[in-house]
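Some notes on the structure that comes next.
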Amino acid sequence: MNEITQEEMVMEYFINNPNMDIRHPEIVDWVTSEFLKRTGKIFRDPDRQIRQLSQSGFLIKVSKGSYRYEPASVHKRELDDFTAAQKKEIMERDKYKCVICGKGIKDGVEIHIDHIKPKDFGGKATIENGQTLCAQHNFLKKNFKQTETGKKMFIRLYELAKDEGNDELLSFCTQILEVFEKNNINGHIVWIR
Ligand SMILES: [Zn+2]
C-alpha cells in the first residue's frame with residue numbers, strides 16, 4: 001500500500017492553498033486530523049515537518065508562525081541552483097580547491113559550490129557565476145552580508161573623491177577598499193579603480 005508521508009501531507013495542504021499566508025495552528029490542525037483520517041496514524045512533530053519544508057525552500061516563512069507557498073518562486077529557486085553537471089565543471093575548473101585559501105578535498109576540507117553573485121541579488125546558476133569555497137570561507141562569505149552597504153558606500157566616496165581631486169580622501173577610501181579586496185570580502189560588488 002502506498003501510504004502518504006507526513007511531508008507529503010503538509011505539501012498537499014500548501015499546494016491546495018497557494019500564495020496565501022497561513023498561520024501555523026491552521027496547518028497543524030488540518031494535517032494532523034487529515035493524516036489520522038487517511039492513515040490511522042498520529043502525525044508526529046508537525047512543527048518540525050513545517051520547519052524542514054521552510055529550510056528546504058519549499059515554504060517561505062512570512063513571519064513568526066506564518067508560512068506561504070509560492071509556486072513561482074519555488075520553481076525560480078530550482079533554476080538558480082547549479083545542476084550536478086555544472087558543479088562538476090566548476091569543481092574541475094577550480095581544481096577541487098577553495099579559491100580563497102587553496103585548501104581542497106586532499107587536505108580533508110569540505111568544498112562547496114558558491115554563487116559569486118548571490119542568488120538573492122539575481123545571481124544565476126552559470127559556470128561563470130560559480131566558484132569553489134571551503135566550508136569555512138563559504139560560511140564567512142554568508143556572514144559578510146552586512147558589510148555590503150559599507151563597501152558600496154566607500155566605492156561611492158572613492159568616485160566622489162576622484163571627481164573632486166581630493167587626494168586625501170581618495171587615499172583613505174583606497175586603503176579601506178584594499179582591505180576588502182585582500183580578504184576577498186563582498187567580491188560580487190566590484191570596485192573599479
Ligand atoms: Zn577556504
Side-chain angles (χ1 to χ4, degrees), residues 7 47-64 67-70 72-162 168-193:
E7 186 183 46
D47 292 358
R48 188 164 155 263
Q49 196 64 69
I50 294 162
R51 220 163 40 234
Q52 275 176 358
L53 282 168
S54 164
Q55 279 160 1
S56 75
F58 179 79
L59 293 178
I60 299 163
K61 191 174 179 181
V62 188
S63 61
K64 201 169 180 289
Y67 294 86
R68 187 182 176 92
Y69 165 65
E70 283 179 3
S73 63
V74 169
H75 183 59
K76 189 182 165 292
R77 213 162 295 142
E78 282 164 4
L79 289 177
D80 291 342
D81 288 335
F82 295 111
T83 64
Q86 283 178 316
K87 283 183 184 172
K88 190 165 175 276
E89 209 173 320
I90 295 163
M91 283 278 204
E92 278 168 7
R93 186 201 60 204
D94 293 343
K95 315 234 174 335
Y96 300 87
K97 285 177 186 162
C98 170
V99 296
I100 297 177
C101 66
K103 282 184 189 159
I105 294 166
K106 279 180 194 160
D107 307 295
V109 163
E110 198 184 321
I111 296 294
H112 298 252
I113 307 287
D114 168 64
H115 287 70
I116 297 173
K117 182 181 181 186
K119 286 195 274 185
D120 296 352
F121 290 83
K124 294 277 169 285
T126 58
I127 306 289
E128 299 72 42
N129 195 40
Q131 66 180 359
T132 50
L133 289 181
C134 69
Q136 187 203 352
H137 281 114
N138 193 29
F139 176 75
L140 277 176
K141 188 184 165 188
K142 287 206 170 71
N143 282 280
F144 277 126
K145 261 204 151 129
Q146 61 269 47
T147 59
E148 283 175 345
T149 315
K151 187 172 183 184
K152 283 179 196 160
M153 194 192 82
F154 282 111
I155 290 172
R156 274 201 303 274
L157 208 55
Y158 172 90
E159 295 296 333
L160 189 77
K162 213 155 74 169
E168 211 177 327
L169 185 59
L170 195 66
S171 158
F172 175 70
C173 293
T174 303
Q175 287 175 57
I176 287 179
L177 289 164
E178 277 171 356
V179 172
F180 275 89
E181 269 187 352
K182 192 174 148 236
N183 293 281
N184 210 332
I185 293 166
N186 303 140
H188 60 288
I189 299 167
V190 183
W191 167 42
I192 302 158
R193 286 178 195 239

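FYI, the numbering just counts along the sequence from 1. Indexing begins at 1, ligand by ligand and atom by atom, following the structure's order.
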If you draw a 6.0 Å radius around CD in Q52, do more than 12 non-hydrogen atoms from other residues or ligands fall strictly inside?
yes

Could you tell me whether the side chain of I111 reaches within less than 4.5 Å of the side chain of M91, counting heavy atoms only?
yes

Measure centre to centre between the rings of W191 and Y158, then say whether the value is under 6.0 Å.
yes

Polar protein atoms near the Zn ion (ligand 1) [N, O or S; cut-off under 2.8 Å]:
C98 SG, C101 SG, C134 SG, H137 ND1

Please name the residue in the list Q86, K119, H115 that meets the side-chain hydrogen bond (donor to acceptor under 3.5 Å, both in side chains) test with D81.
K119

Taking NZ in K97 as the centre, count heavy atoms belonging to other residues, nucleotides or ligands within less than 6.0 Å. Is the count above 12?
no

Establish, from distance only, whether the side-chain atoms of T174 and E178 form a donor-acceptor pair under 3.5 Å.
no

